[in-house]
Each structure stands twice: as C-alpha cells, then as structure tokens.
Engineer: 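Have a look at the structure that comes next, please.
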Amino acid sequence: MYIVMLGAPGTGKGTIGKILSKDLNLVHISTGDIFREQINKGTELGKKIQSYIESGSLVPDDVTIETVKTRLLEKDVEQGAILDGFPRTVIQAEALREFLKENKPNSKRVAIELDVPDDEIVKRVVNRVICSNKSCGAIYNKETKPPKQEGICDICGSELRKRDDDNVETVTKRLGIYHQNSKDLIEFYRENNALYSIYPKELDIAVNDIEKFLDEYKRKL
Ligand code: AMP
C-alpha cells in the first residue's frame with residue numbers, strides 16, 4: 001500500500017508518517033529529508049535544489065518526480081511506502097499515479113490529509129526541533145513537547161537541531177504555496193482514491209483514527 005501524507009508544513013506529516021511506518025511496516029519516504037541529505041552531502045542535486053529549499057519555494061516538478069521515482073524503485077519499497085511531502089502538486093500526483101500503474105500495477109493508494117489551522121501551524125513550526133541522528137529523526141516542540149534535556153534527543157541522546165527553513169518568514173511562504181496547490185491536490189485524491197481528512201489535535205488519537213480508517217479501507221479492497 002502507498003500512503004500519501006497530505007498537509008501543510010508542520011501539520012505532523014513527519015511525526016505521524018514515522019509512527020505509521022513502524023506500525024504498518026512500510027518504509028517512510030520524505031522528499032524534504034532526501035533533499036536536505038543531498039544538500040548536506042554537497043551533491044550535484046543538492047546544489048541544484050538548495051536555493052529553492054532555503055527560500056521556501058517548491059523544487060521543480062521534474063527534479064522532484066525523478067528523485068522520487070528513483071527512490072521508489074529501491075528494494076525496501078516492495079511492499080509500499082508512506083510518502084511524506086510528495087506529491088505537492090497535481091503534476092506530481094499524476095506522475096505518481098502513472099509510475100505506480102506501470103511499475104506496481106497491483107498497488108493500492110490512499111491519501112491522508114492532515115488539516116490544521118494556519119496560526120497553529122506557525123507556532124508548531126517555529127518551535128520545532130529535530131533529532132540530528134538520521135536513523136532516529138525524533139521531532140520535538142519547544143513548547144508542547146520539549147525534550148527532557150534541552151537540545152538533546154530523549155530517545156538516542158543526539159543533538160537536536162532546528163531546520164534552517166523553520167522560521168516565520170519561510171513558513172508563511174511555504175503555507176501560501178501549500179494553499180495554492182492543496183485544493184486541486186485534495187480534489188485529485190478525492191476523485192481518484194480514498195481520502196481521509198483529519199485535524200490531528202492529539203497525536204495518539206489521530207494515529208489511532210488513521211489506523212482504524214486504514215484497516216477498514218484494506219478490508220473493503
Ligand atoms: P518538507 O521537509 O516536506 O517540509 O520539505 C522541505 C522543502 O523541500 C520544501 O519547502 C520544498 O522546498 C522541498 N520539497 C519537499 N518535497 C517537495 C515536493 N514534493 N515538491 C517540491 N518541493 C519539495
């Protein structure tokens with residue numbers, strides 16, 4: 001099964017996506033994480049996309065689609081994946097549909113929309129800190145979910161870092177871009193797949209509701 005996580009930055013796609021990935025044993029693929037890794041490694045791709053990410057713009061569709069297709073052909077994706085941050089445009093959604101039709105014809109797709117008011121998103125994003133250990137990647141919030149020791153991950157003890165693009169100016173821009181594309185994107189999934197929308201106020205309850213929905217969805221297939 002391919003689960004597409006839709007939602008503006010800071011709605012919890014990463015946090016919820018990682019929990020679903022563990023519970024459902026599906027690999028978690030975040031385009032933002034892939035892009036940041038390429039930038040950190042200083043690859044050709046990283047150099048090409050750095051300015052888009054720093055300014056909060058979207059990386060062009062062709063580059064993004066190629067990156068995701070390459071990742072989806074890797075061995076750990078055989079059973080499906082949780083796609084976090086992709087697709088972000090209808091062009092990307094269409095490309096994903098065509099890719100799966102061609103390469104994984106029996107796969108099922110479902111979209112989960114995380115719908116959070118914008119003012120809450122800004123608060124969540126500017127207070128977000130993330131574990132620097134890639135294999136952990138735990139996400140904290142300085143106000144609502146602080147680590148026990150400031151700057152240190154509760155789970156693995158690594159240093160916590162703030163993302164360069166998690167500031168008010170960039171998040172406001174990223175939110176604007178999300179709203180420009182989201183109506184059509186959500187409509188695309190409403191028409192083409194199962195779409196489940198939720199306001200993830202309490203993390204545990206949201207995960208529980210999503211997993212209940214996915215169970216019912218699988219049963220109906
Ligand atoms: P995220 O970690 O999902 O918030 O993504 C961080 C940044 O990576 C975004 O602000 C975009 O610049 C870029 N990005 C991530 N996913 C995509 C995508 N599907 N399409 C275009 N740009 C993306």
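Given the structure is predicted, the values throughout are model-derived calculations rather than measurements. Whatever order the structure lists them in is the order used to number ligands and atoms, beginning at 1.
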Engineer: Going by the atom numbers of ligand 1, which of them fall below 4.0 Å from some non-hydrogen atom of S57?
Structural biologist: 11 (C), 12 (O)
Engineer: Nearest 0.5 Å please: distance from the CD atom of E159 over to the CD1 atom of I130.
Structural biologist: 12.5 Å
Engineer: Would you check if L175 and I121 make a side-chain contact, meaning some heavy-atom pair closer than 4.5 Å?
Structural biologist: yes
Engineer: Could you tell me if any non-hydrogen atom of P9 lies under 4.0 Å from any atom of ligand 1?
Structural biologist: no
Engineer: Q50 versus F35: any side-chain heavy-atom pair under 4.5 Å?
Structural biologist: no
Engineer: What residue and heavy atom of the protein are closest to atom 23 (C) of ligand 1, and at what distance?
Structural biologist: F35 CE1, 3.7 Å
Engineer: If we count only N and O atoms by modelled type, under 3.5 Å, do the side chains of K123 and T144 hold a donor and an acceptor together?
Structural biologist: no
Engineer: Which atoms of ligand 1 sit under 4.0 Å from any heavy atom of G85?
Structural biologist: 16 (N), 17 (C), 18 (C), 19 (N)
Engineer: Which is closest to atom 15 (C) of ligand 1 in terms of heavy atoms, R88, Q92, K173?
Structural biologist: R88
Engineer: Do T89 and N181 meet the criterion of a side-chain donor-acceptor pair at a distance under 3.5 Å?
Structural biologist: no
Engineer: Among all protein heavy atoms, pick out the one at the shortest distance from atom 4 (O) of ligand 1; state its residue, atom name and that distance to 0.1 Å.
Structural biologist: R163 NH2, 3.0 Å
Engineer: Is the closest heavy-atom distance from K13 to ligand 1 below 4.0 Å?
Structural biologist: no
Engineer: Using distance alone, with no hydrogens and no angle criterion, decide if N167 and T170 have a side-chain donor and acceptor under 3.5 Å apart.
Structural biologist: yes
Engineer: Working note: E169 + K173, criterion salt bridge (Lys or Arg N to Asp or Glu O under 4.0 Å); need CA distance, chi angles, decisive distance, verdict.
Structural biologist: CA-CA 6 Å; E169 192 194 6; K173 180 166 176 190; over 6 Å; no
Engineer: For atom 22 (N) of ligand 1, what's the nearest protein heavy atom and its distance?
Structural biologist: V59 N, 3.0 Å
Engineer: Counting each atom of ligand 1 from 1 as listed, which ones have a heavy atom of T64 under 4.0 Å away?
Structural biologist: 18 (C), 19 (N), 20 (N), 21 (C)
Engineer: Is the shortest heavy-atom distance from the side chain of Y199 to the side chain of P117 under 4.5 Å?
Structural biologist: yes
Engineer: Can you tell me the protein heavy atom closest to atom 8 (O) of ligand 1 and the distance?
Structural biologist: I53 CD1, 3.5 Å
Engineer: Counting heavy atoms only, which part of P60 comes closer than 4.0 Å to ligand 1: side chain, backbone, both or neither?
Structural biologist: neither
Engineer: Which atoms of ligand 1 are found less than 4.0 Å from any heavy atom of R36?
Structural biologist: 2 (O), 6 (C)
Engineer: What atoms in ligand 1 come closer than 4.0 Å to a heavy atom of T31?
Structural biologist: 15 (C), 16 (N), 17 (C), 19 (N)
Engineer: Hey, are D118 and H179 close enough side-chain-wise for a donor-acceptor pair under 3.5 Å?
Structural biologist: yes
